[in-house]
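When reading the values below, keep in mind they use all heavy atoms of this one structure, side chains included, and skip hydrogens, waters and symmetry mates.
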Amino acid sequence: MKAEKNKTSASPYIPQIPRSYSIDEILAAGGPVAFATKMGQRPEKIDDDLALLPDSASLTIDELNEALIILKESK
């Protein structure tokens, strides 16, 4: 008796890993604004996007200070 192979062609979904860019690449593009424009982003829209975030999305001054202390101690 011959074993049949699974003929399904479905593969698991693997999201694309976002590419990171070096500072040199960003500067070579003409700076952060030119780089964002080349990437299809609209830098002038950042204020509107930030306004849509809930208040809980930002750190308080105390949380920021705690995070900086933890970061300094971990070095």
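In this structure, I61 places its CD1 atom where only 12 or fewer heavy-atom neighbours from other residues, nucleotides or ligands lie under 6.0 Å away.
Residue pairs meeting the salt bridge (charged side-chain N to carboxylate O under 4.0 Å, His left out) criterion with at least one partner in residues 59-72, sequence neighbours excluded, do not occur; the list is empty.
Across every non-hydrogen atom of A29 and A34, the tightest pair is O-CB, 3.4 Å.
Once rounded to the nearest 0.5 Å, the distance linking OG1 of T60 with CG of L64 reads 8.0 Å. Expressed to the nearest 0.5 Å, how far CG of L68 lies from CG of L59 amounts to 9.0 Å. In this structure, CZ on F35 lies 9.5 Å from CD on Q41, to the nearest 0.5 angstrom.
Residues passing the salt bridge (Lys or Arg N to Asp or Glu O under 4.0 Å) test with E44 are R42, sequence neighbours excluded. For K45, the side chain to side chain donor-acceptor pair (under 3.5 Å) partners are D49, not counting sequence neighbours.
A salt bridge is defined here as a Lys NZ or Arg NE, NH1 or NH2 lying under 4.0 Å from an Asp or Glu carboxylate O, and R19 with E25 meets this definition.
The backbone N or O of D55 sits nowhere less than 3.5 Å from a side-chain atom of S58 that would complete a donor-acceptor pair. Panel note: side chain E73, backbone I70; no donor-acceptor pair is recorded below 3.5 Å.
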| Check against side chain to side chain contact (heavy atoms under 4.5 Å, CB included), I26 and I23 | CA-CA 5 Å; I26 294 170; I23 293 173; 5.5 Å; no
